[in-house]
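The block underneath contains the structure these notes are about, expressed in structure tokens.
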Amino acid sequence: MEHRKRAMSAGGMIAALAAVIGAILGAAGSAAAHGERAQEPSLRMLTVQFYDTKWSTDKVPVNGEITVSGRFHVMKNWPLEIYEPGLAYLNVAVPGPVFVRVASSIGEVNGFASVKLELGQEYEYKLVLKGRLPGRYHVHPMLDVQDVGPIVGPGKWVTVEAAPAQARFVDPVTTLTGHTVDLASYGLGWVIKYHLVWLALGLAWLVYWIRKPMLMPRYEAVQSGEADQLITRGDRLAALVVLGASLMVAFGGLAIADSMFPLTIPLQSDWTRAKPLPESSAEISVEPLAATYLVPGRSMQFKLLVTNNSHEAVKLGEFTTANLRFINSAVEAADSAYPAELIAPGGLVIKAGGDEIAPGQTKEVYFEATSPIWETDRLASLVRDPTNRVGGLLMFYDSAGKRSVVEFSHEIIPTFTGPLANAY
Amino acid sequence: MAAGGQLPLRREPAASTAEEVQEIYRWFDLVIAVLLVFLFMALYHIYTMLTVGDWDFWTDWKDNRWWITLTPFLEMPMPAAALYIFWSRFRLPIAGTLLAVSLVLATWLNRYVNMHGWAYFPLNFVWPATLIPCGIVLDCTLALTQSYLLTGIVGGFAWGIIFYLANWPLITPFLQPTDLHGVMASLADLQGYHYIRTGTPEYLRIINRGTLRTFGQEPVYLSLALAGFASVLTYGIGLFIGWAFTKTQFAWFKRV
Ligand SMILES: [Cu+2]
């Protein structure tokens, strides 16, 4: 019995210690990692597709600004295993507040609020960030989606430089009452002073009691029935004094704060509806016929039925999914500012169905997206997902360069023998 | 081993004179006091992170509805349990203040080392609330009334109220309005917007939400009443835990 008790308390101590360490690591870890490749492929390929992502620069001084902007498409064929999106909040995947967000917008509304997203729609977004802590950081746009979790856009390395003249970060904000404050440190002095007053009062009460003999003599007195004599008149007087002082500080503090800041508002929070972009895909429709992943060749292969209802001939220029881009070099030039590691070197290769879909034509198109990136970006593991489906955006261009962005998704079957082309 | 290893109880005191006994008791007091502060720092802080959590972490969660209601009554059980032990065994009315001071030290340590040092948040965004006024009110009520029941009803209710009175001046400077590109936001909201939190998106921020809006303009009074009543209730729960603890765990103390 005795042993078990001791073992239990030791176990409790270890549990408490583990909880402390876990809490510390947990808080630090969540700030450092984005888990961009850790998320399951169906979440990355079938929910929200970021595209046209632009970083205005890859080097900013402290206090300098960088704009991250682009578009994202919310997939119409949202996977069953992932809850449909609730509210979404435009965020940035960076290791904590190494930047500050000074402005943002999503679908033409202020990014301070959360927004409702509609399936099958595209939205424009913009983030203006200001460099705060010198270092080199991977900067991703990110959507935090209620009931889903974070959906991370492409990341680019951005350096915040400690230019000597501007090394001290400042965050000036002007209130509606006309005061300009530095939000980087504003109010801290007041908070600390006020905390110290209360700490002094608390310690005064504790010291009053700790000065007396405490545990053993009092325990013995209580055991021998003399408990009532342990609280003296002086003790009660001390309690009255400390209580009175506390009430004075509490009411006094409230009055001082009210007179210093007569105009205050409650904390604000809001959600709103973001305005989607006009649909660019209405004139092109895509019906996926087959998709396979050739495991030995690390090649995704797709057969689609494309109908061109526009008045111009179009060409398939790009396939993008999970922030990876497979570009048909015959149609579209690679974007040199886009992170190179997210552009598949092999690109998109059209094997059958020709390069051009004439106006009014319906055509079978067969293309391959071959790259080790499927493995290195951990998308090939989709065979272990509960939804064995691949999806993404197809970009068609007409001769004038007008783009149509079309979503598609289809069940996928891995093959270990030969390419889908063999079926032809 | 269990039977043979029993230590013989020492009947003769180790110290011979009364002064020496007092001296030993003093050292015992101080060692226990230091150990208790560290124990309370760890336990109470973990408990607070798991219960009050975000409301205590960020200025833009410190609203006049949830923060001032949840914090006091969630924080009550542990000091109430300690209050029972300290009062029933030692007639010491210090448990509330001792735990509150331990918590304030632990939370500041956590904010400074962890949230500021590791996660880069500015301290003026992540300062903790102070529970010390609550602890003082509870302890002083106990010293004056010498009654668990009166302490619970009067001190417990006051615990819930004084949390607001004493902590609202901390958040007041951060509630000045600003214009965030066409949206009015307080400085606290702006801190939450500027200092990027990857794990706490806007829609998870539970502030000012609730249905009880029909009691006039100010939600504060309702929140305060709720905080007071709920604190009385959780005081009762804590007291019971303290009582249960002394019934089971105090066997070891009698042997010392
Ligand atoms: Cu990254």
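To find a chain, count down the sequence lines: A is the first, B the second, and so on, and within it residues start at 1.
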Between CZ on residue A/Phe99 and CD1 on residue B/Ile196, distance to nearest 0.5 Å: 8.0 Å
Short side-chain donor-acceptor distance under 3.5 Å, A/His195 and B/Trp108: yes
Heavy-atom proximity to chain B below 4.5 Å, by part of A/Leu133: side chain
B/Tyr203 (side chain) donor-acceptor with A/Gln146 (main chain) under 3.5 angstrom: yes
Considering all heavy atoms, the nearest B/Tyr195-A/Ala184 contact: OH-CA, 3.4 Å
Contacting region of B/Val137 [heavy-atom separation from chain A under 4.5 Å]: both
B/Ala129 versus chain A, the contacting section by heavy-atom distance below 4.5 Å: backbone
Check: A/Ile231 and B/Pro93 side chains under 4.5 Å, non-hydrogen atoms: yes
Region of A/Leu230 in contact with chain B, defined by heavy-atom distances below 4.5 Å: side chain
Part of A/Ser104 lying under 4.5 Å from any heavy atom of chain B: both
Interface moiety of B/Arg197 toward chain A, non-hydrogen atoms closer than 4.5 Å: backbone
Option in B/Ile171, B/Leu144, B/Val113 with maximal non-hydrogen atom pairs under 4.5 Å from chain A: B/Leu144
Neighbour count >12 (heavy atoms, 6.0 Å) for atom OH, B/Tyr120: no
Over all atoms of both residues, closest heavy-atom pair of B/Thr198 and A/Ala93: CG2-CA, 4.1 Å
Under 4.5 Å from a heavy atom of chain A, the part of B/Trp87 involved: side chain
Side chain, backbone, both or neither of A/Leu129 within contact of chain B (heavy atoms, under 4.5 Å): side chain
Side chain proximity check, B/Val101 to A/Leu203, heavy atoms < 4.5 angstrom: yes
Contacting moiety of A/Lys130, where chain B heavy atoms sit under 4.5 Å: neither
Any donor-acceptor pair under 3.5 Å from B/Asp60 side chain to A/Leu267 backbone: no
Proximal component of B/Thr141, with respect to chain A [non-hydrogen, under 4.5 Å]: neither
Part of A/Trp271 lying under 4.5 Å from any heavy atom of chain B: neither
Validation row: A/Thr174, B/Thr178 side chains within 4.5 angstrom (heavy atoms): no
For the student: nearest non-hydrogen atoms of B/His181 and A/Asn110, plus distance: O-ND2, 3.2 Å
Residue A/Val249 versus chain B: region with a heavy atom under 4.5 Å: neither
Part of B/Ile162 within contact of chain A (heavy atom distance under 4.5 Å): side chain
Nearest heavy atoms of B/Glu202 and A/Gln268, plus distance in Å: OE2-O, 4.4 Å
A/Arg211 portion near chain B, given a 4.5 angstrom heavy-atom threshold: backbone
Taking every non-hydrogen atom, the tightest pair across B/Asn124 and A/Tyr186: ND2-O, 2.8 Å
Non-hydrogen atoms of B/Asp29 and A/Lys212 that approach each other most closely: OD2-O, 4.4 Å
Between CG on residue A/Leu176 and CD on residue B/Gln176, distance to nearest 0.5 Å: 9.5 Å
A/Tyr219 backbone acceptor or donor facing B/Arg89 side chain under 3.5 Å: no
Sidechain-backbone polar pair: A/Arg236 side chain, B/Cys140 backbone, donor-acceptor under 3.5 Å: no
Any donor-acceptor N or O pair under 3.5 Å, side chains B/Thr130, A/Tyr194: no
Region of A/Asp270 that comes under 4.5 Å of a non-hydrogen atom in chain B: backbone
Verdict with supporting geometry, B/Asp189 and A/Phe112, side chain to side chain contact (heavy atoms under 4.5 Å, CB included): CA-CA 9 Å; B/Asp189 295 313; A/Phe112 173 67; 3.8 Å; yes
Step-by-step side chain to side chain contact (heavy atoms under 4.5 Å, CB included) determination, B/Leu204 to A/Tyr89: CA-CA 10 Å; B/Leu204 284 185; A/Tyr89 182 65; over 6 Å; no
Part of B/Ala185 lying under 4.5 Å from any heavy atom of chain A: both
